[in-house]
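Before any comments, here is the structure.
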Amino acid sequence: MPELAEVEFYRKQWSPGLGQRVRAVLVHPRAKVFRECNVRRLVGRLAGATLLSSAASAKQMLFRFGGGRWLGVHLGMSGELREEPAGYTPRKHDHLVLVQRDRRLVFTDPRMFGRILFFVGRGPPGWWTRLAPPILSETFTVAAVADFLRRRGRTPIKPVLLMQERFPGIGNWMADEILWRAAIHPRRLAGVLTPAEIRALWRESRRVCRLALETIAGRGNDMPPALNVRIRDSWLFNHRWEDGGRCPRTGARLVREQVGGRTTCWSPARQKL
DNA sequence: CCAATTGTTATTTA
DNA sequence: ATAAATAACAATTG
């Protein structure tokens, strides 16, 4: 499930372990999630280190430990982070467990499209610093979006919104949410959007990121991504998976089809080719 | 057995 | 050569 706001939610699940030492590291060393990572080195260098801080950007998380150790986590399609009690026994899909005195910090991922990265050095690693600047930062301008759409002019707008180099953190449901709010058909070619549509796309990209962070990442306790009832009918999100679902704004039937290889939901009443 | 899944990347096609 | 489309990755669920 993890897109921008869910990633931020999961990052915080390890916050109870901040300032605490890692006594041991438990791994399933053959798991695919370690494909870009030297597992033995990770286990050796992380044991004894203290978790100092964490950050999330796009769909990537970074955990900083004492001694210049940096742990990267990408949740892929099915990854989750959670806290378990000190005595917790890791299960089949718990590929990485940080053992602290009072708890265990667990990374679990059944499908294993996720990814664990590890780096030792003074500053943060390149795979972190090279991430595209956030959609909610000043560098995400209308001009930057317009320029990107021009270069991807022959591609439908839906898959363009999934391109992390310009829309970091956007995933399948956020892309549909943005297009629905901007009233743009997902199959429209990126190169044919009007200046007003480009501006709407820019504005709704920022709004969906902000609202998603407030409503999903802001929740302290239970699991995302169910959005709370108060905003239920103002989000496409809550209707996109129901068969026979209806557009919250027009009441018309929603459509679900493949666009750019991904299931895409839109409201034909608002979003026209 | 078939199809589905909120991600990314390698390979193939145009 | 470049960009776009498609397959592949793996596990589980309906």
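In what follows, chains carry the letters A, B, and so on, assigned in the order in which the sequence lines appear, proteins first and then strands, with residues in each chain numbered from 1. All values below come from the heavy atoms of this structure, side chains included, with hydrogens, waters and symmetry mates left out. None of the values given here were measured: they were computed from a predicted structure.
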If you compare all heavy atoms of [X] against all heavy atoms of [Y], which two are closest, and at what distance to 0.1 Å?
{"X": "A/Leu46", "Y": "A/Phe118", "result": "CD1-CE1, 3.6 Å"}
{"X": "A/Arg11", "Y": "A/Ser54", "result": "NH1-OG, 2.9 Å"}
{"X": "A/Pro168", "Y": "A/Pro134", "result": "CG-CA, 4.3 Å"}
{"X": "A/Pro248", "Y": "A/Trp180", "result": "CD-CZ2, 3.6 Å"}
{"X": "A/Arg35", "Y": "A/Met112", "result": "NH1-O, 3.8 Å"}
{"X": "A/Ser78", "Y": "A/Asp109", "result": "OG-OD1, 2.5 Å"}

Provide, to the nearest angstrom, the distance between the [atom1] atom belonging to [X] and the [atom2] atom belonging to [N].
{"X": "A/Ile116", "N": "B/dG7", "atom1": "CD1", "atom2": "P", "answer": "18 Å"}
{"X": "A/Glu3", "N": "B/dT5", "atom1": "CD", "atom2": "C1'", "answer": "12 Å"}
{"X": "A/Glu80", "N": "B/dG7", "atom1": "CD", "atom2": "P", "answer": "14 Å"}
{"X": "A/Tyr10", "N": "B/dG7", "atom1": "OH", "atom2": "P", "answer": "13 Å"}
{"X": "A/Trp241", "N": "B/dA4", "atom1": "CH2", "atom2": "P", "answer": "12 Å"}
{"X": "A/Trp173", "N": "B/dA4", "atom1": "CH2", "atom2": "P", "answer": "23 Å"}

At a heavy-atom distance below 4.0 Å, what parts of [range] sit against DNA chain C?
{"range": "residues 253-265 of chain A", "result": "none"}
{"range": "residues 181-193 of chain A", "result": "none"}
{"range": "residues 147-162 of chain A", "result": "A/Arg152, A/Arg154, A/Thr155, A/Pro156"}

Next item on the list: On the 0 to 90° scale, with breaks at 30° and 60°, tag the A/Trp235-A/Trp173 ring pair as parallel, tilted or perpendicular.
Entry: tilted
Notebook entry, point to check: Mind checking whether A/His95 and A/His28 have parallel, tilted or perpendicular rings, split at 30° and 60°?
Noted result: perpendicular
Protein-nucleotides 9-13 of chain B N/O pairs closer than 3.5 Å?
none

Could you list, one pair per line, each protein nitrogen or oxygen that sits under 3.5 Å from a nitrogen or oxygen of nucleotides 7-11 of chain C, together with the distance?
{"from": "C/dA10", "atom 1": "OP1", "to": "A/Lys32", "atom 2": "NZ", "distance (Å)": "2.9"}
{"from": "C/dA10", "atom 1": "O4'", "to": "A/Arg111", "atom 2": "O", "distance (Å)": "3.3"}
{"from": "C/dA10", "atom 1": "N1", "to": "A/Arg111", "atom 2": "NE", "distance (Å)": "2.7"}
{"from": "C/dA10", "atom 1": "N1", "to": "A/Arg111", "atom 2": "NH2", "distance (Å)": "2.3"}
{"from": "C/dA10", "atom 1": "N3", "to": "A/Arg111", "atom 2": "NE", "distance (Å)": "3.1"}

Check: Any donor-acceptor pair under 3.5 Å linking the side chain of A/Thr250 with the backbone of A/Ala252?
Finding: yes
With a 4.0 Å cut-off on N to O distance, would you call [X] and [Y] a salt bridge?
{"X": "A/Arg82", "Y": "A/Glu84", "answer": "yes"}
{"X": "A/Arg152", "Y": "A/Glu165", "answer": "yes"}
{"X": "A/Arg104", "Y": "A/Asp94", "answer": "no"}
{"X": "A/Glu6", "Y": "A/Lys59", "answer": "no"}

Check: Can you get from A/Leu193 to A/Ile135 by hopping between Ile, Leu, Val, Met, Phe, Trp and Tyr side chains that sit under 4.5 Å apart?
Finding: yes
Check: Under 6.0 Å between the ring centres of A/Phe63 and A/Trp14?
Finding: yes
Considering residues, nucleotides and ligands other than [X], do more than 12 of their heavy atoms fall under 6.0 Å from its [atom1]?
{"X": "A/Arg154", "atom1": "CZ", "result": "no"}
{"X": "A/Arg187", "atom1": "CZ", "result": "yes"}
{"X": "A/Glu138", "atom1": "CD", "result": "no"}

Margin query: The test is side-chain hydrogen bond (donor to acceptor under 3.5 Å, both in side chains); show your working for A/Thr264 and A/Glu257 and say whether it passes.
Written below: CA-CA 5 Å; A/Thr264 300; A/Glu257 289 175 18; over 6 Å; no
Margin query: On the nucleotide B/dG7, are OP1 or OP2 found under 4.0 Å from the side-chain N or O atoms that A/His74 carries?
Written below: no
Item checked: Below 4.0 Å: OP1/OP2 of B/dG7 and any side-chain N or O of A/Gln164 -> no
Checklist line | Atom P, compared across B/dA4 and C/dT6: separation rounded to whole Å | finding: 15 Å
Notebook entry, point to check: In what stems does DNA chain C take part, counting only runs of at least 3 consecutive Watson-Crick or G-U pairs whose two distances fall under 3.5 Å?
Noted result: B:2-5 with C:11-14, B:7-14 with C:2-9
